[in-house]
Amino acid sequence: MTRTEEFEELRPLLFSIAYRILGSVSEAEDAVQETWLRYELSPARPASARAFLSAVVTRVSIDVLRSARLRREEYVGPWFPEPLLTDPYEDPEQSAELADSLSMAALLLLERLSPLERAVFVLREVFAFGFPEIASAVGRSEAACRQLAVRARRHMDAGRPRFEADRKEREELAGRFFDALREGNVDGLRELLAADVSLVGDGGGKAPQWARGFFGTDRVSHMLAALFPPFFRIGGVVEPHQVNGQPGAIFRDRDGKVLNTWSLDILDGRIQAIRTVSNPDKLGHVGPVADAWAVLRETQQVRPDTD
């Protein structure tokens, strides 16, 4: 097998590691490309391409994350990871763990960890790497990596998101939610939302967003029922889709361009959180991006006719 073939076989794993460390599709793709360049230029073939490439992509991702921290602290409004529609890496024995580790809630928890803690947690808890491999990847002793893993696990366990165990039930509930949204059915929305539901958006100052968000069944259900029927009247489309391993949707304008993505946290038969990403800088990989401001203006123009 050539180096190129080895690399392409491992590319899905490398991207999945980088994305979980970085929370960014574009940065993860750049980290994978940098890993290939270093592999191509390395003078000797490593004994294990998987171990070597995983270590390189981890080190590259740690460096990128350190430089990205300041930008995220200065970000306008809430910062959410770039939405990921499909994880290229599959492992049937870990499918549930892989999906849950991709969720917006889990990735936001990872933001609380130091870059080293985050990398160690991802390699150990998500991809089940051994501590010798992890130590080589992050440049620390095995003992230090074990301590990092314990600290990271403690932080994650304290706020670890819980989701409905039955994925089919989650998908069915999400389908009912989006049907009620199309209809502007306040009562239908209310019965699907948790009492303390939150609706928060990431526009990055470059797209319409909901200030600090909406909270509670009444506020969220009435806002959704008022805004979205006119959106659908002007040709807007909601396309149910898995987003970061959880039920969600892509919202498009009448031309099929992407307005935003939604991801839903579902537990105990209710939607606990709705997270939307509308920052156009984070949507280019999903498809051509719509002019969200123009769509909002048109939606507002037809709202009086719906009263």
Side-chain angles (χ1 to χ4, degrees), residues 15-25 27-28 31 58 61-62 64-75 77-85 87 89 91 94-129 134 137-138 145-165 167 170 194 196-202 204 212-213 215 242-248 261-268 270-277 279 282:
F15 174 85
S16 294
I17 291 171
Y19 177 77
R20 286 168 172 83
I21 294 174
L22 293 167
S24 166
V25 172
E27 289 175 349
T58 298
S61 298
I62 289 172
V64 172
L65 183 59
R66 284 172 172 156
S67 65
R69 280 296 173 95
L70 181 59
R71 296 197 304 274
R72 294 182 187 181
E73 289 172 0
E74 297 174 344
Y75 194 79
W79 181 93
F80 290 160
E82 289 183 12
L84 184 66
L85 303 185
D87 186 1
Y89 179 72
D91 183 343
Q94 290 183 286
S95 58
E97 293 84 353
L98 287 169
D100 287 350
S101 70
L102 268 186
S103 72
M104 287 281 182
L107 291 171
L108 288 171
L109 271 179
L110 283 170
E111 284 291 307
R112 302 178 185 179
L113 306 182
S114 71
L116 275 179
E117 288 172 339
R118 185 165 182 162
V120 169
F121 182 87
V122 166
L123 292 177
R124 181 63 180 173
E125 300 296 327
V126 180
F127 295 99
F129 277 70
I134 296 171
V138 303
C145 289
R146 290 180 187 277
Q147 291 179 338
L148 287 165
V150 169
R151 286 205 303 269
R153 194 181 304 118
R154 186 183 305 125
H155 286 303
M156 293 296 289
D157 286 346
R160 186 183 294 275
R162 295 182 300 130
F163 303 109
E164 201 76 61
R167 301 186 68 81
R170 274 190 277 175
D196 58 349
V197 63
S198 61
L199 168 61
V200 182
D202 171 352
R212 295 183 179 179
F215 303 90
Q242 286 270 318
V243 177
N244 285 83
Q246 305 300 321
T261 62
W262 289 31
S263 62
L264 311 179
D265 289 356
I266 298 174
L267 180 66
D268 298 331
R270 294 287 187 274
I271 296 171
Q272 310 290 325
I274 304 168
R275 296 183 180 88
T276 77
V277 176
N279 183 342
K282 295 185 176 185

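Numbering starts at 1 and runs along the sequence shown. Since we're looking at a predicted model, the values are computed, not measured.
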### Query
Going through the checks in order, is the side-chain contact (heavy atoms from CB on, under 4.5 Å) test met by Ile274 and Trp262?
CA-CA 7 Å; Ile274 304 168; Trp262 289 31; 3.5 Å; yes
### CA sep, side-chain torsions, deciding dist, call: Leu199, Thr276, side-chain contact (heavy atoms from CB on, under 4.5 Å)
CA-CA 8 Å; Leu199 168 61; Thr276 77; 4.1 Å; yes
### Message
Pair Arg167, Gln242 - check side-chain contact (heavy atoms from CB on, under 4.5 Å), show working.
### Response
CA-CA 11 Å; Arg167 301 186 68 81; Gln242 286 270 318; 3.4 Å; yes
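Side-chain atoms of Cys145 and Val138, non-hydrogen and from C-beta on, do get closer than 4.5 Å to each other. Using a 4.5 Å cut-off on side-chain heavy atoms (C-beta onward), Val120 and Arg153 make no contact. The shortest side-chain heavy-atom distance between Val150 and Leu148 does not fall under the 4.5 Å cut-off. Leu264 has its side chain out of reach of Gln246: every pair of non-hydrogen atoms, C-beta onward, lies at least 4.5 Å apart. In this structure, Phe121 and Met156 have side chains that are in contact, with non-hydrogen atoms separated by less than 4.5 Å. Contact check for Ile62 versus Arg118: no side-chain heavy atoms found under the 4.5 Å cut-off. Using a 4.5 Å heavy-atom threshold, the side chains of Asp265 and Ile271 count as separate.
Atom OG of residue Ser101 and atom CD of residue Gln94 lie 9.0 Å apart, to the nearest 0.5 angstrom. Between atom CZ of residue Arg72 and atom OG of residue Ser67 there is a gap of 9.0 Å, rounded to the nearest 0.5 Å. Separation of atoms CD1 (Ile134) and CZ (Phe129) is listed at 8.0 Å; rounding is to 0.5 Å. To the nearest 0.5 Å, atoms CG (Leu113) and NE2 (His155) are separated by 6.5 Å. Going from atom CG of Leu65 over to atom OG1 of Thr58 covers 12.0 Å, rounded to the nearest 0.5 Å.
The two residues Asp202 and Gly204 have their closest heavy-atom pair at OD1-N, 3.3 Å. When all heavy atoms of Tyr19 and Pro81 are compared, the closest pair comes out as OH-CB, 4.0 Å. Of all heavy-atom pairs between Trp79 and Leu22, the closest is CH2-O, 4.4 Å. Between Ala194 and Arg270, the closest heavy-atom pair is N-CB, 3.8 Å. For the residue pair Pro247 and Arg170, the shortest heavy atom distance occurs at CG-CB, 3.8 Å.
Side-chain contact, Ser16 with Asp87: a donor N or O sits under 3.5 Å from an acceptor N or O.
Under a 4.0 Å N-O distance rule, the pair Arg112/Glu117 does not qualify as a salt bridge. Comment: Glu27 does not engage Arg20 in a salt bridge, judged by the lack of any side-chain N to carboxylate O separation of less than 4.0 angstrom.
At least one donor-acceptor pair under 3.5 Å links the side chain of Lys282 to the backbone N or O of Phe80. Remark: side-chain polar atoms of Asp100 are not paired, donor with acceptor, to backbone N or O of Leu102 under 3.5 angstrom. Checking side-chain atoms of Gln272 against main-chain N and O of Val197 turns up no donor-acceptor pair under 3.5 Å. Here the side chain of Asn244 pairs a donor or acceptor atom with the backbone of Leu84 at under 3.5 angstrom.
Residues passing the side chain to side chain contact (heavy atoms under 4.5 Å, CB included) test with Ser263, sequence neighbours excluded: Met104, Val243, Arg275. Listed by chain and residue number, Phe127 satisfy the ring pair (Phe, Tyr, Trp, His ring centres under 6.0 Å) test with Tyr89 (two or more places apart in sequence, or in another chain).
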